Q: 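Starting off with a structure, shown below.
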Amino acid sequence: MARSQPSPLPAAFFNRPTLTVARQLIGARLVRILDGVRLVGLITETEAYFGFDDLASHAKAGRTIRTDPMFGPAGHAYVYFTYGSHWMLNAVTEAEGFPAAVLVRAIQPVEGIAVMMERRLGRDTLGPGKLTQALGITKSENYLPLTEANSRLWIETGVLVPDKSVTIGPRVGLNKTPEPWFSKPWRFLVKDQLNTER
DNA sequence: AGCACGATGCTCT
DNA sequence: GAGCATCGTGCTT
């Protein structure tokens, strides 16, 4: 089966409805250059955070120092710190001025696996705080455009994942978020391991 | 294999 | 000063 060469996803890819972006990022390649080493993972889990009204989104508090990247142009990174030790990676979506983003919750390593394993002390990369640790993503990657190949961090075309391989359900870790936001089916998750051959 | 809980520090009230 | 878009450990089943 022929597959196209990977190319970075353009800003126009991210400047679209957040749910569409969240779904289409499943199977995309997340590329990180860390200390000159190329680390790549296929995105296997995402969640959409959409607008001022979404009470699960940080943007519910308005535009603050922390949430500022969410209001910025699509295709940039929104990286924030939580629970005293974890960094979360988001890709900003929608038009500038409208707060929305897709949280990258899990990757399946395909390149630089040994380095990622070492950084994770042999544990997996399935979890939003785990993948950022594996890839060395912190505050310094906040605001970074994810649309430029050969920078420090970008997202490029990967494998096509059919609907039958994707589970859609409510977002997790929301705790006290009220309905209807608590149950919005805005989480996308690959059911089984992805075929990484290209 | 599943659940409960403590760690830990930054952001916003 | 409270509350996290979480993780890992340790204990129970």
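Remember, predicted model here, so these are calculated numbers, not experimental data. The chains referred to below are lettered A, B, ... by the order of the sequence lines, with proteins before strands, and numbering in each begins at 1.
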Q: Do Asp163(A) and Arg23(A) sit within salt-bridge range, that is, some charged N less than 4.0 Å from a carboxylate O?
A: yes

Q: For residues Trp181(A) and Glu179(A), is any side-chain donor paired with an opposing acceptor at under 3.5 Å?
A: no

Q: Which residues in residues 81-90 of chain A have a heavy atom closer than 4.0 Å to any atom of DNA chain C?
A: Thr82(A), Tyr83(A), His86(A), Met88(A), Asn90(A)

Q: Looking at Asp124(A) and Lys130(A), is any side-chain nitrogen of the basic one under 4.0 Å from a carboxylate oxygen of the acidic one?
A: yes

Q: Using atom CZ of Arg119(A) as one end and atom C1' of dG8(C) as the other, report the distance to the nearest whole Å.
A: 18 Å

Q: On DNA chain C, compare the nucleotides closest to Asp124(A) and Leu174(A); which residue's is nearer the 5' end?
A: Leu174(A)

Q: Between dA5(C), dC7(C), dT11(B), which nucleotide has the shortest distance from any of its atoms to the side chain of Tyr49(A)?
A: dA5(C)

Q: Taking only side-chain N and O atoms of Arg123(A), does any of them lie within less than 4.0 angstrom of OP1 or OP2 on dG8(C)?
A: yes

Q: Taking CG from Leu121(A) and C1' from dG8(C), how many angstroms apart are they, rounded to a whole number?
A: 11 Å

Q: For Arg171(A), report the nucleic acid contact type (base, sugar-phosphate, nothing); a contact means any heavy atom under 4.0 Å.
A: nothing

Q: Measure from CZ on Phe188(A) to C1' on dA5(C) and round the result to the nearest Å.
A: 16 Å

Q: Check the phosphate of dC10(B) against Lys139(A), side-chain N and O only, distance under 4.0 Å to OP1 or OP2. Yes or no?
A: no

Q: Looking at dG8(C), I'd like to know if its phosphate oxygens (OP1 or OP2) sit under 4.0 Å from a side-chain N or O belonging to Arg120(A).
A: yes

Q: Salt bridge or not for Arg171(A) and Glu47(A), using N-O below 4.0 Å?
A: no

Q: Please check if the distance between the ring centroids of Phe98(A) and Phe50(A) is under 6.0 Å.
A: yes

Q: What residue among Leu30(A), Leu34(A), Thr125(A) forms side-chain contact (heavy atoms from CB on, under 4.5 Å) with Leu135(A)?
A: Leu30(A)

Q: Ring centroids only, cut at 6.0 angstrom: are Tyr49(A) and His58(A) within range, meaning strictly under it?
A: no

Q: Measure CE/Met70(A) against C1'/dC12(B) and give the value in whole Å, please.
A: 16 Å

Q: For the side chain of Leu103(A), starting at C-beta, report the closest nucleotide among dA5(C), dC4(C), dC12(B).
A: dA5(C)

Q: Trp181(A) has an atom CH2; how far is it from atom P of dC4(C), in whole Å?
A: 18 Å

Q: Among dC4(C), dC12(B), dA5(C), which nucleotide sits nearest the side chain of Thr64(A)?
A: dC12(B)

Q: Report the base-pairing partner of dA5(C) (Watson-Crick or G-U wobble, both distances below 3.5 angstrom), or none.
A: none

Q: CD1 of Ile65(A) versus P of dT13(B): gap in Å, rounded?
A: 12 Å

Q: Suppose we define a pair by two distances each less than 3.5 Å, Watson-Crick or G-U wobble; what does dT8(B) pair with here?
A: none

Q: In whole Å, what is the span from the NZ atom of Lys60(A) to the C1' atom of dT13(B)?
A: 12 Å

Q: dT6(C), OP1 or OP2 - any side-chain N/O from Arg105(A) closer than 4.0 Å?
A: yes

Q: Take the protein atom CG of Asn175(A) and the nucleotide atom C1' of dA2(C), then report the distance between them rounded to whole Å.
A: 14 Å

Q: Are OP1 or OP2 of dG3(C) and a side-chain N or O of Lys176(A) less than 4.0 angstrom apart?
A: no

Q: Does Arg29(A) pair with Glu111(A) as a salt bridge, N-O distance under 4.0 Å?
A: yes

